[in-house]
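Down below is the structure, laid out as structure tokens.
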Amino acid sequence: MNTRTKFQAGLYLIAVVFLSACGGGGGGGAAGGGPTALPVSSLQGTWYGSYQYGTSATVARLAVDINASGQITAVRRGGSNSTNGTSLNLTGTIQNVGGSKFRFVLSDTTTGGFLVDAAGAHAGFLDEDGSIGALQKGATVPPLAYAPNDIAGAWSGYTVALNSSMNVVTEGGSSATVAGTSATGSDFNGTFTASILFYNSTYGYYLGTWTNATGTGNLRVFLSIDKSFAAEWACQGSVIYPNNFDTCTFAIWNKQ
């Protein structure tokens, strides 16, 4: 397995877990399986936010309806709020795979996962095609705009490293402090630094680079609708989407 690192600002899931601050690495694996134990029924509601999909890393709004039995009943893309996006004609099933980690399988056979925060209010997600984003339960409309300093402050959360089959190989707590366009923090790979190079005011994502003792690469962070949660991926090299999971890490973070 290749080493890697990632910067996090606070959000995200994985096929079986997700969200990190900086980086990967192999071996080990923390006990517990996430920040807190949550039943599938706690996911009931509409989850809304922004995500990237496809190899071109296209960004759009996403809404996911989940019932009390852990079934995905509808998925919508685009639109101006959580209800009027275009249906993707997908349903699916969700199961808890430990703590706050959930695995989903869609009706088109796509697999992925959610990593949910302790309050059960936000989630980061990732699927096998490299789609990733941050969702907020019960959010209905996006903010008027995101600003560069929305990502500033202290963040704390959970980081996961996967292998090429999207199995969790390392996981644990992580944290970061963002000031201006710079960040410092730590995770299971040790300390890291990161730089924010670009932000999008409409969809609330931030592009940058990371560096730690194992190497350097690109990162992308998505903020939730309320700007208090972040999900991100960080991969080695110059990739624009997580195409090789074993060279990336994923994480979810809450703003402190």
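Position 1 is the first residue of the sequence; numbering continues from there. Every heavy atom of this structure was used, including side-chain atoms; hydrogens, water molecules and symmetry mates were not.
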- What distance do Phe188 atom CZ and Ser174 atom OG have between them, rounded to the nearest 0.5 Å? 7.5 Å
- When Ile66 is tested against each of Trp47, Phe102, Phe104 for side-chain contact (heavy atoms from CB on, under 4.5 Å), which residue passes? Trp47
- Task: Determine whether the side chains of Thr111 and Arg103 contain a donor N or O and an acceptor N or O closer than 3.5 Å.
- Result: no
- Let me see the working for Leu162 and Asn167 under side-chain contact (heavy atoms from CB on, under 4.5 Å), right down to the final yes or no. CA-CA 5 Å; Leu162 307 177; Asn167 297 315; over 6 Å; no
- Task: Flag yes if Val64 and Leu90 sit in one hydrophobic cluster, no otherwise; membership is Ile, Leu, Val, Met, Phe, Trp, Tyr, and two members link when side-chain heavy atoms are under 4.5 Å apart.
- Result: yes
Only distances under 3.5 Å count here; give the side-chain donor-acceptor pairs of residues 195-204 to other protein atoms, sequence neighbours excluded, each with its distance to 0.1 Å.
from	atom 1	to	atom 2	distance (Å)
Asn200	OD1	Thr202	N	2.9
Asn200	OD1	Tyr203	N	2.7

- Message: Can you confirm if the NZ or CZ of Arg77 lies within 45° of the ring axis of Tyr51 and under 6.0 Å from the centre of its six-membered ring?
- Response: no
- Item | Side-chain heavy-atom pair Ser228, His122 within 4.5 angstrom cut-off | yes
- Task: Can you see which heavy atom on Gln44 is nearest to which on Lys137, and at what distance?
- Result: O-CE, 2.7 Å
- Message: With side chain to side chain donor-acceptor pair (under 3.5 Å) as the criterion, how do Asp117 and Asn254 come out once you've worked through the C-alpha distance, each side chain's angles and the decisive distance to 0.1 Å?
- Response: CA-CA 8 Å; Asp117 66 7; Asn254 290 100; 3.1 Å; yes
- Answer yes or no for Lys227 and Tyr146: cation-pi contact, defined as NZ/CZ to six-membered ring centre under 6.0 Å and angle to ring axis within 45°. yes
- With a 4.5 Å heavy-atom cut-off, do Ile72 and Leu106 have their side chains touching? yes
- Message: What I'd like to find out is whether the side chain of Leu223 reaches to under 4.5 Å of the side chain of Tyr206, using heavy atoms alone.
- Response: yes
- Item | Validation row: Leu62, Val75 side chains within 4.5 angstrom (heavy atoms) | yes
- Taking the side chain as C-beta and beyond, is there a heavy-atom pair between Glu232 and Phe222 under 4.5 Å? no
- Message: Applying side chain to side chain donor-acceptor pair (under 3.5 Å) to Arg76 and Thr86, what does each step give before you reach the verdict?
- Response: CA-CA 5 Å; Arg76 295 176 296 279; Thr86 300; over 6 Å; no
